[in-house]
Amino acid sequence: MASKRKLIGAGVAVLAVLALAGCLGEQGSARGGSVDATGTWGDPSKDASPYLELEDDGSFSGSDGCNNLTGSWSVDEGEQVLFEDVASTMKACEDVDDWLAHLDAATISGDTMTVLGQDGSEIGQLERTSDTPAT
């Protein structure tokens with residue numbers, strides 16, 4: 001009788017962990033929705049051009065056209081890409097629009113990533129140039 005209660009308790013614990021894990025945004029494209037953000041967005045070969053490279057492991061790197069960006073990303077339940085732990089170099093560059101340095105989240109429609117700032121407004125767009133990161 002006691003072993004049956006332990007087995008039921010263990011089963012409930014496993015289900016609770018799985019339920020809680022489903023509430024968190026998962027890294028990469030593993031969310032199971034229609035959003036697959038992994039790849040290269042923008043063109044890293046163009047000078048002073050913004051781009052992002054989103055890796056399968058949930059990390060990203062890129063450039064705002066002047067400064068290098070790194071951090072992590074995940075996809076939430078609303079299929080929005082969330083950028084976290086964003087770090088940037090702090091070079092002073094003339095005549096470069098550094099809009100990408102202010103990224104907070106993004107939405108994806110086809111091969112277009114619409115980048116959102118902290119207030120949720122659109123700050124720019126990047127086109128997918130590859131399904132895999134260049135690095």
Side-chain angles (χ1 to χ4, degrees):
M1 183 75 143
S3 63
K4 187 175 182 180
R5 278 188 243 169
K6 287 180 183 177
L7 185 59
I8 291 172
V12 170
V14 168
L15 288 175
V17 168
L18 291 174
L20 288 173
C23 294
L24 301 174
E26 294 184 29
Q27 292 193 343
S29 58
R31 183 68 193 122
S34 60
V35 173
D36 179 9
T38 304
T40 301
W41 299 87
D43 189 350
S45 68
K46 290 185 179 178
D47 288 340
S49 181
Y51 72 91
L52 292 173
E53 294 180 325
L54 280 66
E55 302 284 345
D56 279 331
D57 67 0
S59 65
F60 79 88
S61 61
S63 173
D64 65 4
C66 173
N67 289 290
N68 296 326
L69 305 168
T70 61
S72 61
W73 67 280
S74 61
V75 177
D76 69 7
E77 293 80 15
E79 296 192 342
Q80 190 172 56
V81 179
L82 305 176
F83 297 101
E84 299 172 339
D85 305 319
V86 179
S88 174
T89 57
M90 302 292 285
K91 295 184 279 186
C93 300
E94 292 184 34
D95 301 323
V96 175
D97 183 358
D98 66 350
W99 63 269
L100 190 56
H102 307 287
L103 82 165
D104 187 63
T107 59
I108 295 176
S109 177
D111 286 332
T112 302
M113 174 185 283
T114 300
V115 181
L116 309 173
Q118 289 184 342
D119 65 358
S121 65
E122 178 181 334
I123 58 174
Q125 292 186 332
L126 296 169
E127 295 298 318
R128 187 189 306 256
T129 54
S130 174
D131 289 340
T132 57
T135 55

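Quick note: residue numbers are just sequence positions, from 1. Heavy atoms only: backbone and side chains are in, while hydrogens, waters and symmetry mates are out.
- Of all heavy-atom pairs between Ile108 and Ala37, the closest is CD1-CB, 3.4 Å.
- For the atom pair CD (Glu55) and CH2 (Trp73), the distance works out to 9.5 Å, reported to the nearest 0.5 Å.
- Ile123 and Val96 are assigned to two separate hydrophobic clusters, defined by single-linkage of ILVMFWY side chains at heavy-atom distances under 4.5 Å.
- Applying the side-chain contact (heavy atoms from CB on, under 4.5 Å) test to Thr70 and every residue at least two apart in sequence or in another chain returns Ser61, Ala87.
- Residues satisfying the ring pair (Phe, Tyr, Trp, His ring centres under 6.0 Å) criterion with Phe83, sequence neighbours excluded, are Phe60.
- For Asp43, the salt bridge (charged side-chain N to carboxylate O under 4.0 Å, His left out) criterion is met by no residue, not counting sequence neighbours.
- Residues Gln125 and Thr114 share a closest heavy-atom pair of NE2-OG1, 3.2 Å.
- A search for side-chain hydrogen bond (donor to acceptor under 3.5 Å, both in side chains) contacts involving Asn67 returns Thr89, not counting sequence neighbours.
- Residues satisfying the side-chain hydrogen bond (donor to acceptor under 3.5 Å, both in side chains) criterion with Ser49, sequence neighbours excluded, are absent altogether.
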### Task
Applying side-chain contact (heavy atoms from CB on, under 4.5 Å), run through Leu52 and Met113 and close with a yes or a no.
CA-CA 10 Å; Leu52 292 173; Met113 174 185 283; 4.1 Å; yes
### Message
The test is side-chain contact (heavy atoms from CB on, under 4.5 Å); show your working for Val75 and Leu82 and say whether it passes.
### Response
CA-CA 6 Å; Val75 177; Leu82 305 176; over 6 Å; no
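- By the salt bridge (charged side-chain N to carboxylate O under 4.0 Å, His left out) test, Asp131 pairs with Arg128, sequence neighbours left out.
- At least one side-chain heavy atom of Gln80 sits under 4.5 Å from a side-chain heavy atom of Leu116.
- Distance check, rounded to the nearest 0.5 Å: OG of Ser109 to CD of Glu79 gives 11.5 Å.
- Counting all heavy atoms, side chain and backbone alike, Asp85 lies closest to Ser72 at OD2-OG, 3.5 Å.
- Looking at heavy atoms from C-beta onward, Thr132 lies out of side-chain contact with Thr38 at the 4.5 angstrom threshold.
- Annotation: side-chain hydrogen bond (donor to acceptor under 3.5 Å, both in side chains) contacts of Glu84 (sequence neighbours excluded): none.
- Taking both residues in full, the closest heavy atoms of Pro50 and Leu126 are given as O-CD2, 3.6 Å, listed atom of the first, atom of the second, then distance.
- Every residue two or more places apart in sequence or in another chain that forms a side-chain contact (heavy atoms from CB on, under 4.5 Å) with Thr129 is listed here: Thr40.
- Applying the side chain to side chain donor-acceptor pair (under 3.5 Å) test to residues at least two apart or on different chains, none of the pairs has a partner in residues 92-103.
- Atom CH2 in Trp41 sits 6.0 Å away from atom CG in Asp111 (nearest 0.5 Å).
- Within the structure, every pair that satisfies the disulfide bond (SG atoms under 2.5 Å apart) test and touches residues 85-116, not counting sequence neighbours, is listed here: Cys66-Cys93.
- A continuous path of ILVMFWY side-chain contacts below 4.5 Å connects Leu69 to Val115, so both sit in one hydrophobic cluster.
- Take Ser121 and apply the side-chain hydrogen bond (donor to acceptor under 3.5 Å, both in side chains) test, not counting sequence neighbours, and it matches Asp119.
- Among residue pairs with one or both ends in residues 112-132, none qualify as ring-ring contact (aromatic ring centres under 6.0 Å, His included); sequence neighbours excluded.
- Residues Leu103 and Asp64 are not in side-chain contact: their nearest non-hydrogen atoms beyond the backbone lie 4.5 Å or more apart.
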